[in-house]
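Have a look at the structure below, then the notes.
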Amino acid sequence: MKKFISGDDAVAEGVRLAKPHVISAYPITPQTITVERLSEMVEDGSLVSEYMHVESEHSAMACAIGVSSVGARAFTATSSQGLLYMSECLPYASGARLPIVMMNANRALATPWNIYGDQMDSMFLLNSGWIQVYVEDAQEALDMMIQAYRIAEDEAVMTPVMVNLDGFVLTHTYELVDIPLQEKVDAFLPPIATRDQVMSLDAPKSLCITAGNDFNQEFKMKQDRDMQSSTAVIEAVDKAFGDAFGRYYKGMMDAYRCEDAEVILVTVGSVTGTAKTVCNQLRDEGKKVGVLKLRYLRPFPTQGLCDVLKSTKAIGVIDKNISFGYEGTIFTNVNSALVTLKERPETLNFIGGLGGRDITKQDIRGVFDTLISKAAGNAEERIQYMNVRCAE
Amino acid sequence: MKKFISGDDAVAEGVRLAKPHVISAYPITPQTITVERLSEMVEDGSLVSEYMHVESEHSAMACAIGVSSVGARAFTATSSQGLLYMSECLPYASGARLPIVMMNANRALATPWNIYGDQMDSMFLLNSGWIQVYVEDAQEALDMMIQAYRIAEDEAVMTPVMVNLDGFVLTHTYELVDIPLQEKVDAFLPPIATRDQVMSLDAPKSLCITAGNDFNQEFKMKQDRDMQSSTAVIEAVDKAFGDAFGRYYKGMMDAYRCEDAEVILVTVGSVTGTAKTVCNQLRDEGKKVGVLKLRYLRPFPTQGLCDVLKSTKAIGVIDKNISFGYEGTIFTNVNSALVTLKERPETLNFIGGLGGRDITKQDIRGVFDTLISKAAGNAEERIQYMNVRCAE
Amino acid sequence: MVEVRWHGRGGQGSFTIARLLGMAASVYGGQFAQAFPSFGPERRGAPVLGFTRIDSKKILDRSEVDSCDYVVVLDETLWGPAVVSGLKKDTVIIINTAVPEQYREQVDNPVVAIDATSLAIEYLGRPITNTAMLGALVAVGDFVSLEHCKEAIAESMKASVGEKNIKLIEAAYKVVKEAYHG
Amino acid sequence: MVEVRWHGRGGQGSFTIARLLGMAASVYGGQFAQAFPSFGPERRGAPVLGFTRIDSKKILDRSEVDSCDYVVVLDETLWGPAVVSGLKKDTVIIINTAVPEQYREQVDNPVVAIDATSLAIEYLGRPITNTAMLGALVAVGDFVSLEHCKEAIAESMKASVGEKNIKLIEAAYKVVKEAYHG
Amino acid sequence: MDRPKVKKWQEPASIDAYPLGATCDSDHLVSINAGWRTFKPVIDHDKCVMCLRCFLVCPDGVIDKSGPQLEIDYDYCKGCGVCAHECKLKCITMVKEEK
Amino acid sequence: MDRPKVKKWQEPASIDAYPLGATCDSDHLVSINAGWRTFKPVIDHDKCVMCLRCFLVCPDGVIDKSGPQLEIDYDYCKGCGVCAHECKLKCITMVKEEK
Amino acid sequence: MTQKWNAKTLTNKELFYGHKACGGCGESLAVRLAMKVLGEKAFAALPAGCMSAVSFIYPNMAFTTNAIITPFASTGAVASGMAAGLKALGIEDTYVVGFAGDGGTADIGIQALSGAIDRNDNIVYICNDNEAYMNTGIQKSGLTPYGSKTTTTPAGQNLPGSITMKKNMFEIVAAHDIAYAATASVGYLEDFMNKVQKAKETKGTSYIHVFAPCPTGWGHETHITIDLAKQAVDCGLWYLAEYENGAFKLNRNPKEFASVEDYLKVQSRFKHLTSQDVALIIDERDKKWAKMRRDWTE
Amino acid sequence: MTQKWNAKTLTNKELFYGHKACGGCGESLAVRLAMKVLGEKAFAALPAGCMSAVSFIYPNMAFTTNAIITPFASTGAVASGMAAGLKALGIEDTYVVGFAGDGGTADIGIQALSGAIDRNDNIVYICNDNEAYMNTGIQKSGLTPYGSKTTTTPAGQNLPGSITMKKNMFEIVAAHDIAYAATASVGYLEDFMNKVQKAKETKGTSYIHVFAPCPTGWGHETHITIDLAKQAVDCGLWYLAEYENGAFKLNRNPKEFASVEDYLKVQSRFKHLTSQDVALIIDERDKKWAKMRRDWTE
Ligand SMILES: Cc1ncc(C[n+]2csc(CCOP(=O)(O)OP(=O)(O)O)c2C)c(N)n1
Ligand SMILES: Cc1ncc(C[n+]2csc(CCOP(=O)(O)OP(=O)(O)O)c2C)c(N)n1
Ligand code: SF4
Ligand code: SF4
Ligand code: SF4
Ligand code: SF4
Ligand code: SF4
Ligand code: SF4
Ligand SMILES: [Mg+2]
Ligand SMILES: [Mg+2]
């Protein structure tokens, strides 16, 4: 069935289909529509789940940890200040290997306060041990809620997943979304299996334990190893999803018109669509440009990224975030992967969209022009801001 | 006067000399000695300051924001779980340009729980808009408390500073520390000046305001610009400190025997000492090795780093942290800076010390051997763990 | 691609109608659409904007609407710089007014007028003008069919309210069609 | 560089004495020193370790002490694998016991014995053995002077307690010097 | 009338001109709220006994009591009607705004 | 005696052998606490009237009441002396531990 | 003697002006009047919530005094810090006031508030109770009353809106043995202002819990805001009380209650309620009053 | 009828064993006995604090049942989540219990606890009150009493240790109108166990605040732990009470108090107190009891 709904609505639909046992969430713009819809679904019985009105985000995640620790399926959603307020609990959950799924509506961080979309919030949490996926539209948001549970609960992964969607640009934009049938989702996503890391009356467990300096490092190494190898599961789940529902998102990343591209723009999240639009215009003008949509930032697809980018001349990375005193965080991550290449393409960083600033088609065109110029050997600023309203 | 004291004690001595108006802190191992000493100093009158027993770290930082917002000098200290619990308030304070100084005792993050030192906690906060400095010993810890206030309160900087010291290895290790005279510190560190961003009865101010999508990006750009240029202030303050107290730490980074080095190991924090020890041994053996101690991670010294590393053959980066699903965070940051070099040295990542695991001299020797081998053109694993107690 | 900008006041349903248009075009019309509000910290009573984008292909573009094809003004007190900014040469302004002349004087663009308030009071008993304005837009633009709009209304509203609104949209459509094309 | 490992029980002052040694060597002896505990989640009563490193140059090394030059055991009930691990060939073990033979049998290393408990009870009235053990160490090792240790004690303790401890360290020093070098 | 007034304000022309920190002068209004109103309160000064109830209850504080008779700051009155409803003597009428 | 027993345990030989998550089986003791003790409680079973006060108050729960007479699990007794102090009949003596 | 406030004695000068709150907003009236009582040397701290959202929108600043937005959870802590800072700097005769919503007080901010009271920091804390998270679009908070429809407690076939009772925030604060605490309502403005005056004069922490209708969230007409706030007290669903010197005092003890139905029916958040639901609400009211009348003095 | 617990009726089986707490630790006794009352189907949640620090040290696990360490602030929230999860999975006849310290309850954990009570989640919450942050080395908490020396409230020339009073945690919880709450002491163990039993049988949230001496933090000899806990009650510095069906009940109302001095003098944390300090402590005790005797039934 097709519906004309917002990204937040789409998330709620995806969650409904994934049937979590318990939802614990705290309202924050622009995530609210999602939790409101879920409240309605619980009230009207279309979702059989416990909705817990927790008193803060820290408790929202702590509650989800409790739910997951007894082997039940947990969902929560947040954004921005809320994500940071709960941040202590994120490495907690991932270290415990609890397959919680969370929606994060990407939003700017105070101060100054701002409710609009940028990606400073989730970039803060790259080290949290959570799998991070970013979606491009409402359909992908819905589909990823379902995929997220299957990935998180996979025996080889057992790691929580954060599904990120851009505030307002996705959360509050309505579009046509296909709602899968419950039966098909049930077939794709089996009920949560009981694993060794959760409580059980038959074999009681101690959870979230202490490991001193004799053992701690090995626990973390195991966590890292499994996160690294989750790449394969992510790819497989996406393929299986494609087979079942006809929508395949290309796993870790989606290379758009990149085959022969001399210049590639790396994007994360909703700006991808605008970049593709401009890319198509430039292709029509005969320019060899492409867009590489990074879907996952953790695990980071070092190898795949290098494969796509290796024969490019210039690469641009769009960051809707800034690590003050350095550069955009995606740029930093992409650069580090590229050092593995013998012949390294030039990379430039384009920072924009902060606090919801529009990234226009003209901005993207400017970015491609700069990259083409760079590819031609001209000097260009390594780090540039897009769509600045005043003198710099 | 020289005293045989711990790193935590040294921090407390530094804070005493810097005379904050208010201290708000919440206890957490291995930061506790610092706040205990400060409580004692306040009790016995050797520090005239208000000590606030706040009920959590979130409130410790919020309280410091309140103190700083009226133009008073604020201090707080934390570690690990506490740092994450207050993390929402960090970009809050930096966006407001409040020159708060915080000590962070680097400690592992749960789960598993662990009270020992690694640097996962502060690496989480690289995007927080705080200046981050890491010290190598207790003396530097003391000295940096004093420098930190002068840097933070500099007119061109006006940015909070986090002084990081490794848990136990520094916080609980006693060594000989020179305690500067109060008069000399007073001359070096003037009383806090009133700036435009704080409250005033004469010209009332609204703080921590909202800036919508029309303005937000420019606020952040200003913040970034000032953080970038704080590098100059950092260098100048360190020089001035050297002139006044005879201890100069070389500003953003300290290149140890790097001049003609073919192989350089990049370190952050207390492991530097061990690396220097081994470096000296290898130099005695005629090997051209050096150690580059990165003192500041934000702002990140892109240019300076490249200057030191540019003619090296192989570079190793030690990370006492892991960004699950990728690599060590310092490695990522260093690599991104190095892409600006035409001829890029090979870089390898050595992860260790997680959850307080010892990094031994043999480990460091192994690291140098690997780097020398890499420099000779041999293949070596890009990311390696040090001192693993079992099969990988 | 057609881009429509809606001007209303918080609480007047201007975004609801932007959404309804998108629904009509996509769910019922087989096209693709986006609808999104411009959202601020201001409270009820403050002017707000809504946008609808419609195209026959999937819409990838996520940037804001800068210049649009149609500007629909639900309440003539909103007339001002916001309404006349970002117009293309041929952008049509559709305004709820009984006295359109004063507006025509101020712009070179075509101005379509409809007394939606009177129509709304007639059909709904309340001055809620959004449905009537959609009728007017559809009559002028012809990029979405009236039928599909009616289907969208029927789907989105309670039966009793929906019926009245369907009557209203038909009436508004007819008035405008007759005035401008008839 | 001299590396000393102290074995005690939480609450017995084994880390205090490791620190005192460092203080004597550095603040009063003009050398450089580090002192650090091995710290665990266990509570009072559990065995704990302390370390002191002393050198004439600034000590850069921050790794744990793996093999040490002196092992000082404050309480003979702690004898066990922990005490005999990480010994070099010539590492001297100094143990608080009245009957050292049983320990000498178990290791090839030199074992210096002192009945510190008795001495402590004699001088302090309580079986707090750490100061006596420092006296023994200093007598055996000669890398820090007894004078500097006494200065460190005087500085760190309340006058009344300090005096008694100074007497105690002198006595312990004498006993060991006489027994082993005299 | 003793009410805060709208100030002339220019968007900062450069990053430098932006405030230090997330700060702004207090008492700084650059836009009015009049546009929010659909109805406008009009006081019948003849009937008004200056009981000041309306002054007290106005959520926006737009009724000035400093003069010989009450004065409403229509730049900031939102037309909520609280004053009219609370005036015991019904001296305030809510009148539809004209364009 | 019905008290949890020390289990044989090997440090995991590989990353694989480490637990999934920060988890461990409950009821899993691999080391004893006997070494904490300087004094050791010894019950005079002749005097004891089995009032069970000592069983109740022992913070470590090491006094087993399942047998005909009380039994102390000296693997886990910490020698705190609470039992001796609380025994009204003074049937428990704290005896210094010998090496 | 303590200054008594009314429309005549109150300054004409506005210290909170030009904000972008909805017309007829009860909270904005509470802030406006409290600021007038506290005066120009008040330093205000407001967490995330409607009042901060509508008053600090660059470049429009509605406070004429010093003011700050705090992290949502941190009203108590930021205010404490400000008070400590002012004291340390020797800036005297100033007042630090926190204005937080019901959500910011009873849910996410209760810890910081509890800490401030425990330390007895010298601040005035005013809770603007509009019975839901309004700034984010009317979600249930710990102070949302039984039967209220919010966007996270929808009313439908299965549930009558919120099914939990209002948290006893005033009693919880009083249980800390705070220096001064009171409840108030924007329906009784002189009472409110005089309580703010008492709080101003209190050394240590004081707390005022003011009931403030929200036309947008409650679905009532804007002009009845004050009336409704009065009705809430008159029908017994809210009450005016103080806690001082370790004892509770009921400031109003009506012989007869006004109609609860009349209060409920003008608000769309309650329009779905059945007569059983209303009976339950009345029953809970009666229990609460029985307890108050038993334990509190008048 | 409700099972009455004493040493005879209590199971011999230990569910909390081999932990690394100090000898003579009061908290560990409270946990041990509560677990025995709750039984093998109890699921325990413990935040950071001594009890979790000594019981989950890989590979030594002291709980024989299911148990989890929670983030320090999150006892209430994790326990709530566990209860919700167990219910959703249809796992019945289980009990979720949280054991938090005084710091974890009255300071950093009060918000999550307040939320759990407000939702009336089906959990038993036990506060182990040893009057300071012990796990981190004896720092002052909101429940540290006046005059107590801690590492962050040193006693010296200028201050007599802590200068704030103990937060009234029991009353604060009761003010939430919780289903069941009680105070207890490890000096009165049958009373404590029977209260745990009541809590176990309560539908919804229940709270027990148990006074548990800490030889390490208080500086008393290990063998007097239980005695001291009894003395605290007998001298009136602690009290045994319940809150049930909306009313307070005092379980013990001694005609005469035992000596406060005797209680204080065996603890090194109080050894600096002057006779004025002690007089002040006694005075505060008398005020508290006057209030309790006035307002609470027996
Ligand atoms: C940590 C955090 N979580 C959530 C939010 C989102 N938020 C902002 S205001 C608000 C609601 C405020 O409700 P209340 O305190 O009752 O004040 P009101 O808006 O009703 O005046 C919420 C949930 C936030 N800003 N910060
Ligand atoms: C967020 C956070 N802050 C601080 C700590 C450090 N910490 C761990 S336990 C503890 C003290 C616990 O005190 P209490 O709750 O009274 O329990 P007790 O140890 O006395 O049993 C502290 C401060 C932490 N683990 N997490
Ligand atoms: S309320 Fe009415 S009578 Fe009183 S001052 Fe206002 S207008 Fe005049
Ligand atoms: S209508 Fe409202 S805003 Fe205007 S004066 Fe009356 S009360 Fe004030
Ligand atoms: S307390 Fe004494 S009498 Fe009672 S059972 Fe124990 S040993 Fe026997
Ligand atoms: S000495 Fe302590 S641990 Fe041992 S049995 Fe007695 S009470 Fe238990
Ligand atoms: S939503 Fe309610 S509380 Fe918020 S500004 Fe509007 S009326 Fe006031
Ligand atoms: S420090 Fe106190 S509470 Fe902690 S384990 Fe030891 S005795 Fe128990
Ligand atoms: Mg509210
Ligand atoms: Mg405690």
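The structure displayed is predicted, hence computed values, not measured ones.
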Distance-minimising heavy-atom pair for [X] and [Y]:
X	Y	result
A:L341	B:R344	O-NH2, 3.6 Å
A:T210	B:P112	C-CB, 4.3 Å
A:P91	B:L84	CG-CD2, 3.8 Å
B:N127	A:T329	ND2-OG1, 3.0 Å

| said: Checking A:F168 now: which residues fulfil ring-ring contact (aromatic ring centres under 6.0 Å, His included) with it, not counting sequence neighbours? | reply: A:Y116, A:H172, C:F39

| Is any residue of residues 224-235 of chain A within less than 4.5 Å of chain B by heavy atoms, and which ones? | A:D224, A:M227, A:Q228

| field | By side-chain contact (heavy atoms from CB on, under 4.5 Å) - contacts of A:A110 (at least two apart) | value | A:Q81, A:W113, B:Y92

| request: Please flag which part of A:T159 lies under 4.5 Å from any non-hydrogen atom of chain B: side chain, backbone, both or neither. | output: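 Neither the backbone nor the side chain of A:T159 comes within 4.5 Å of chain B.
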
| remark: When the 4.5 angstrom heavy-atom criterion is applied to A:A337 and chain B, the contacting part is both

For the pair [X] (side chain) and [Y] (backbone), establish whether a donor and an acceptor sit closer than 3.5 Å, ignoring hydrogens and angles.
X	Y	result
B:Q217	A:G353	yes
B:R357	A:D214	yes
B:E218	A:R389	yes
A:Y326	B:P301	no

Euclidean distance, [Y] [atom2] relative to [X] [atom1], rounded to 0.5 Å:
X	Y	atom1	atom2	result
B:T111	A:I209	OG1	CD1	9.0 Å
A:Q223	B:I322	CD	CD1	9.5 Å
B:N216	A:N114	CG	CG	4.0 Å

| Exercise: do A:S336 and B:S336 side chains pair donor with acceptor under 3.5 Å |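 There is no such pair between these side chains.
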
Is [X] in contact with chain A via its backbone, its side chain, both, or neither, using a 4.5 Å heavy-atom distance?
X	value
B:T347	side chain
B:F124	both
B:T302	side chain

| query | What residue in A:D121, A:I351, A:N333, A:D358 has the most heavy-atom pairs under 4.5 Å with chain B? | reply | A:N333

| message | If you count heavy-atom pairs within less than 4.5 Å of chain B, which of A:A93, A:G117, A:S87, A:G129 leads? | response |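 Going by pairs under 4.5 Å, I would pick A:S87.
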
| request: If the plane angle is over 60° it's perpendicular, under 30° parallel, otherwise tilted; pick one for A:H58 and B:Y85. | output: perpendicular

Winner by heavy-atom pair count (cut-off under 4.5 Å) against chain A, out of [options]:
options	result
B:F300, B:F331, B:F215	B:F300
B:G212, B:C390, B:A211, B:P299	B:A211
B:C208, B:G355, B:S323, B:G356	B:S323
B:L109, B:L126, B:V388	B:V388

| Passing option when A:N335 is tested against B:V339, B:L338, B:T340 for side chain to side chain contact (heavy atoms under 4.5 Å, CB included) |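 Exactly one option meets the side chain to side chain contact (heavy atoms under 4.5 Å, CB included) with A:N335, and it is B:V339.
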
| Around B:E392, counting heavy atoms of other residues, nucleotides and ligands shown, do more than 12 lie under 6.0 Å from its CD? | yes

| request: Under the side-chain hydrogen bond (donor to acceptor under 3.5 Å, both in side chains) rule, collect the residues that match up with A:E380, sequence neighbours excluded. | output: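 side-chain hydrogen bond (donor to acceptor under 3.5 Å, both in side chains) check on A:E380 returns A:S373.
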
| With side chains defined as the heavy atoms from C-beta onward, is the minimum distance between A:F324 and B:R298 less than 4.5 Å? |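 With C-beta onward as the side chain, the pair stays apart.
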
